[in-house]
Amino acid sequence: MSAEKTVFMSIGVDILYEGHVKIIQKAASLGKLTVGVLTDSAMAGYKRSPLLSYEKRRAVAEAIKGVDRVVAQESVSGREYLLKEKPDYLVHGDEWRKGPQSAVREECIRALESYGGKLVEFPYTEDDEYTAIEQYARGQLSIPDMRRGRLRKLLETKNLITAIEAHSGLSGLIAEKTVVYQNGHGNQFDAMWVSSLCDSTLRGKPDMELVDMTSRMRTIDEIMDVTTKPIIFDGDTGGLTEHFVYTVRTLERMGVSMIIIEDKTGLKKNSLFGTEVEQSQDTIEQFCHKIQAGKQAQKTREFMIVARIESLILEKGEEDALNRAAAYVKAGADGIMIHSRKTDPEEIFSFVEKFRERDKETILVVVPSSYHSVTEQEFMERGVNIVIYANQLTRSMFPAMKTVAETILTYHRAEEAEKYCMSLKEIINLIPEDI
């Protein structure tokens, strides 16, 4: 094989074992080998967050015999590199012929065909030791200290973080394992949101802080038992400042990454009711005191407290919201969540634009439950850092369960309801055996 031929292959290098080295050697035998090392962001969208930073993983790849050059790979497929550099060969294991990655394979084949490149696949070898190491790595990601700090790391490496609500171990597994491959990228949720509304709804109770904190901590425990992704906790008003201090310490110790508290007082009512029900907003001074107390109580840098501003909900205007945001940041809040119940996103866009003119750094969070037509790209372009899909999994349960119940009652058997149900085999495969 001519040494003038060029070869490309992708690798994560978070865990390197004999099978990886062998396929690299085979690739190098075909010509001059360039290895694309997945960036931290690409790794997080592909399988899981890496244990090692991109810089460390790149150094490992550069040290492997046979590797001529290493490049940063921003997507799972490396399609951008193929189209730009046009290597003669793309090397990959044949395990991606089936499953979700088959879509990535097809994208790479189309890219190769566009200029006459060739895909070379080598048999993927199962390795019990590698599987054990991978399970160990996932176990490490679930350790409280590792989990807690990962949200900050993701915020440093990704332009936008997405979170979806989880209300149980099973919904947590859906949030953890759902991946969609598009345009060479693996898309999955970065974090999970534990919602007060969903915790209450699933217990058949109103969203008015009726579910006690002990019960809500149990929900977190159930989710953490079977998942590894960071958790953002809906802290409602935070309660009394004296109580909030203990909540912060407990959540931090459990491995939660962030708590979001809203600047309302008294008997809490869901924000989507707006001014239709009586709701009172806390004073700036008192809410700043609560933030300061929470920040003083935490033991680690990784834990974050975000202030949720209700000024737009309560129709107090944008200037009030901006003044509160500045005060809350000065008091120590790591981020600001701006909330709106309007279907038109313009007041959110306006607040974000004006806030970013004054503050380029503070984390900005949005929850597009009502203005749900806005894309993540539109949020990112305006300077939003975190998008939370706060209740969609819970809300989607009810139509399905109601339809199944009505179908069984209508036909007096379960056959017609099967088309609305996930198979038991799929559910069993979703649940890990190594809990």
How far does [atom1] of [X] sit from [atom2] of [Y], to the nearest 0.5 angstrom?
X: Asp199; Y: Asp236; atom1: CG; atom2: CG; answer: 9.5 Å
X: His92; Y: Arg105; atom1: NE2; atom2: CZ; answer: 10.0 Å
X: Glu376; Y: Ile161; atom1: CD; atom2: CD1; answer: 10.5 Å
X: Tyr420; Y: Glu406; atom1: OH; atom2: CD; answer: 10.0 Å
X: Tyr81; Y: Glu74; atom1: OH; atom2: CD; answer: 14.5 Å
X: Leu251; Y: Arg249; atom1: CG; atom2: CZ; answer: 12.5 Å

Any idea which heavy atoms bring [X] and [Y] closest together, and the distance?
X: Ala307; Y: Phe287; value: CB-CE2, 3.8 Å
X: Cys108; Y: Ser77; value: SG-O, 3.4 Å
X: Ala103; Y: Tyr181; value: CB-CB, 4.5 Å
X: Gly332; Y: Ile291; value: C-CG2, 4.0 Å
X: Ala417; Y: Val404; value: CB-CG1, 4.0 Å
X: Gln298; Y: Val248; value: CB-CG1, 3.9 Å

Tell me if the NZ atom of Lys177 is crowded by more than 12 foreign heavy atoms within 6.0 Å.
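Enclosed.
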Does [Y] offer a backbone N or O that forms a donor-acceptor pair with the side chain of [X] under 3.5 Å?
X: Ser171; Y: His167; value: yes
X: Glu353; Y: Arg382; value: no
X: Arg358; Y: Ala326; value: no
X: Lys229; Y: Phe189; value: yes
X: Arg341; Y: Ser370; value: no
X: Glu252; Y: Lys299; value: yes
X: Ser75; Y: Ala42; value: no

Under 4.5 Å between any side-chain heavy atoms of [X] and [Y], yes or no?
X: Lys56; Y: Val60; result: no
X: Gln73; Y: Phe8; result: yes
X: Leu364; Y: Arg356; result: yes
X: Lys295; Y: Asp334; result: yes
X: Met380; Y: Thr375; result: no
X: Thr227; Y: Ser142; result: no
X: Val374; Y: Phe349; result: yes
X: Ile386; Y: Met258; result: yes

Would Asp282 and Thr237 count as a side-chain contact (heavy atoms from CB on, under 4.5 Å) here? Give the steps.
CA-CA 9 Å; Asp282 205 349; Thr237 65; over 6 Å; no
For [X] and [Y], test the side chains for any donor-to-acceptor distance below 3.5 angstrom and give the result as yes or no.
X: Gln296; Y: Gln292; value: no
X: Glu165; Y: Asn391; value: no
X: Arg216; Y: Thr247; value: no
X: Glu318; Y: Ser350; value: yes
X: Thr157; Y: Ser41; value: no

Could you go through the salt bridge (Lys or Arg N to Asp or Glu O under 4.0 Å) check for Arg152 and Glu156 one step at a time?
CA-CA 6 Å; Arg152 270 201 189 273; Glu156 291 168 0; over 6 Å; no
Would you call the rings of Phe379 and Tyr371 parallel, tilted or perpendicular, where under 30° means parallel and over 60° means perpendicular?
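Aromatic pair Phe379/Tyr371 classed perpendicular.
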Applying side-chain contact (heavy atoms from CB on, under 4.5 Å), run through Asn385 and Val365 and close with a yes or a no.
CA-CA 6 Å; Asn385 306 107; Val365 184; over 6 Å; no
Name the residue from Lys316, Arg324, Lys290, Arg308 that meets the salt bridge (charged side-chain N to carboxylate O under 4.0 Å, His left out) definition with Asp263.
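Output: one option passes, namely Arg324.
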Decide yes or no on side-chain contact (heavy atoms from CB on, under 4.5 Å) for Ser102 and Trp96, but give the supporting numbers first.
CA-CA 5 Å; Ser102 61; Trp96 69 340; over 6 Å; no
side-chain contact (heavy atoms from CB on, under 4.5 Å) partner of Ile309, chosen from Asp320, Ile336, Leu322:
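It is Ile336, the one option of Asp320, Ile336, Leu322 that forms the side-chain contact (heavy atoms from CB on, under 4.5 Å) with Ile309.
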Would Glu85 and Thr34 count as a side-chain hydrogen bond (donor to acceptor under 3.5 Å, both in side chains) if you check the C-alpha gap in whole Å, the side-chain angles of each, and the deciding distance to 0.1 Å?
CA-CA 10 Å; Glu85 300 295 335; Thr34 296; over 6 Å; no
Where do Met397 and Leu202 land on the side-chain contact (heavy atoms from CB on, under 4.5 Å) test, with the steps shown first?
CA-CA 10 Å; Met397 291 167 50; Leu202 288 165; 3.6 Å; yes
Hey, is [X] close enough to [Y] for a salt bridge, meaning N to O under 4.0 Å?
X: Lys158; Y: Asp40; result: no
X: Glu416; Y: Arg413; result: yes
X: Glu222; Y: Arg218; result: no

Going through the checks in order, is the side-chain hydrogen bond (donor to acceptor under 3.5 Å, both in side chains) test met by Thr201 and Arg395?
CA-CA 10 Å; Thr201 301; Arg395 285 164 51 205; over 6 Å; no
Here's one to test your reading of the geometry: is the NZ or CZ of Arg57 within 45 degrees of the ring axis of Tyr54 and under 6.0 Å from its centre?
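Negative - Arg57 is either too far from the ring of Tyr54 or too far off its axis.
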